[in-house]
Amino acid sequence: MIELEGKSVFSGVAIGPIAVFVKGDTTVRRESIDDPEAEIARYHEAKEKAKDQLQVLYEKALKEVGEESAFLFQSHQMMLDDLDYVEGVENIIRTQKTNAEYAVATTGDNMAELFAMMDDAYMKERAADVKDITNRVVGILSGAGATGMNATEPSILLADDLAPSETVQLDKSLVLSFVTRHGSTNSHTAILARTMNIPALIGVDYPEDVEGKMAIVDGAIGKILIDPDEATLSSYRKKKEEEEKKAALLQELKGKENVTKDGRKINLYANIGGVKDVASVLENDAGGIGLFRSEFLYLESDGYPTEEEQFTAYKKVAELMAGKKVIIRTLDIGADKQVDYFELDKEENPALGYRAIRICLTRQDVFKTQLRAIYRASHYGNIAIMFPMIISLDEVKKCKNMAELVQRELDAEEIPYGDVELGIMIETPAAVMISDELAKEVDFFSVGTNDLTQYTLAIDRQNPKLDDFYDSHHPAILKMLKMIVDNAHAGGAWAGICGELGADVSLTEEFLRMGFDELSVSPSMILRVREAVRNTDLS
Ligand code: PEP
Ligand code: MG
């Protein structure tokens, strides 16, 4: 048995086989070649190999899921032999004297774009297939392999590190726990683990040859046990059962109010990254959604999500929440949340860089598309909007102007929309210091303690070496929280917390005493925070 230590970012016990996350280098470089015919032969060899791989997948799928689903792999084989595709690749290699990887990637991009532009829904969907076969051939040519995990049953996922763009592609139903070598307590992988209610560890230096081995993750003590003996396994199975019993006890709090012993009430909302998280919001009896990280719609997509696509997603969430508040945060990309098609420049200090509202205010096309989608969806539920990374009154006014412009457009087009509250995230010290003025401009504040702590303590939330310095209970933060809530109320706005600190039950009483109106936490934390509220007596 190998016993390794790490830092726990979410507790709980997971037992299952290990699946190691593989990162393929998918960047394609353009290189000049001298012998185009030899390069074309190399391409054909890779194409045949790709077809062989697909044949294996076809036969496996045929056995496991049946003819209809297996057919996809056959159609991919046919696409690889499509004459337009093959001639496109050969032509680029011959005329531009470039390497096969570049020729395949370019042909794939061109054809995918062509399909995506077609009106026919079926043909549009073929764009994804072209990308898929292209990646397969490029992977074989460059020897990189595909990015992802090779698991067919629920597994403990081991990874060097996971970027938000990689976690969105994971089949979450197959992940029992996250264990990473790098990453920090406040990274989005940690946030995802909390949302999924599964144990997660960071800073674990695991050996290379562990794929498929049985393992136990103990989030409470920050350990992973690889190849455990029978006695250890059976004691952990018991521990897991006890945890499940405790979780069942919490279930009894469903349907109960978030009220202290002396009668003070607070709203408990949930944080989500997409439509699929709504199930766990409802399951955990949240009173609303306090933070919909809308950037995940952009991260999941290969190109700018259209107004229609966004409208469909927001409308679905609003409808599923059936009149309960849904606060949609406008696009917050940049820093660790990179989206290739935005083609953002590499920056010296990405956390202090071109991100969030700074992108929206300079890319008004992107901003307007998103606001139109949100306003249209507001007709179907109780939607509010909040803007991230605000540092000035001027930014808030510009955001409000854009919201007004969108409403005027919709009026002219006779498209209905609801009453939409407008709020801002308070996640920069600048916003805290002018929160008295900001409060007069908006309906609500939601404190992003993850970034507020990063910017106040001058500590990169992504840097694991600094985890011990990242003191989320720092008196500066607690003083700021009090100042924010007082200024909000004086200016006629309500105030909540949607950063991870909101779920810290050791502070629940303090948040209530400060006067916060709302806490928005991972769905899995709702009932635990409700329990803490109900055990509090402020009198
Ligand atoms: C925060 O900064 O606290 C926050 C809620 O936003 P994110 O974690 O997505 O940056
Ligand atoms: Mg933030």
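As the structure lists them, so they are numbered: ligands from 1, and atoms in each ligand from 1. What you are looking at is a predicted structure, and each value in this text was computed from that prediction instead of being measured. Sequence positions, counted from 1, serve as the residue numbers for this chain.
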Subject >> N/O donor-acceptor pair under 3.5 Å between Asp517 side chain and Ala495 backbone >> reply: yes
**OP:** Could you list the residues that satisfy salt bridge (Lys or Arg N to Asp or Glu O under 4.0 Å) with Asp460, not counting sequence neighbours?
**Re:** none
Subject >> Heavy-atom check, side chain of Tyr314 versus side chain of Gln370, under 4.5 Å >> reply: yes
Original post:
Are any of the side-chain nitrogens in Arg363 or Asp365 under 4.0 Å away from the carboxylate oxygens of its partner?
Top reply: yes
**OP:** Of all the heavy-atom pairs spanning Gly290 and Ser520, show the shortest one and how long it is.
**Re:** CA-OG, 3.2 Å
Please give the N or O to N or O pairs under 3.5 Å between ligand 1 and the protein, distances rounded to 0.1 Å.
residue  : atom   : partner : partner atom : Å
ligand 1 : 2 (O)  : Glu427  : OE1          : 3.0
ligand 1 : 2 (O)  : Asp451  : N            : 3.0
ligand 1 : 2 (O)  : Asp451  : OD2          : 3.0
ligand 1 : 3 (O)  : Gly448  : O            : 3.3
ligand 1 : 3 (O)  : Thr449  : N            : 3.1
ligand 1 : 3 (O)  : Asn450  : N            : 2.8
ligand 1 : 3 (O)  : Asn450  : ND2          : 3.2
ligand 1 : 6 (O)  : Arg329  : NH1          : 2.9
ligand 1 : 8 (O)  : Arg293  : NH2          : 2.9
ligand 1 : 8 (O)  : Asn450  : ND2          : 2.9
ligand 1 : 8 (O)  : Arg461  : NH2          : 2.8
ligand 1 : 9 (O)  : His188  : NE2          : 3.3
ligand 1 : 9 (O)  : Arg293  : NE           : 2.8
ligand 1 : 9 (O)  : Arg293  : NH2          : 3.3
ligand 1 : 9 (O)  : Arg329  : NH1          : 3.2
ligand 1 : 9 (O)  : Arg329  : NH2          : 2.8
ligand 1 : 9 (O)  : Lys337  : NZ           : 3.3
ligand 1 : 10 (O) : Asp451  : OD2          : 3.0
ligand 1 : 10 (O) : Arg461  : NH1          : 3.0

Subject >> Nearby protein N/O/S atoms (those under 2.8 Å) for the Mg ion (ligand 2), with water ignored >> reply: Glu427 OE1, Asp451 OD2
Original post:
Does Asp171 use its side chain to pair, donor to acceptor, with the backbone of Ser173 at less than 3.5 Å?
Top reply: yes
Subject >> Worked check of side-chain contact (heavy atoms from CB on, under 4.5 Å) between Lys315 and His379 >> reply: CA-CA 8 Å; Lys315 174 172 175 266; His379 180 60; over 6 Å; no
Subject >> Residues Arg355, Asp332: salt bridge by 4.0 Å N-O rule >> reply: yes
Subject >> Set of ring-ring contact (aromatic ring centres under 6.0 Å, His included) partners for Tyr298, sequence neighbours left out >> reply: none
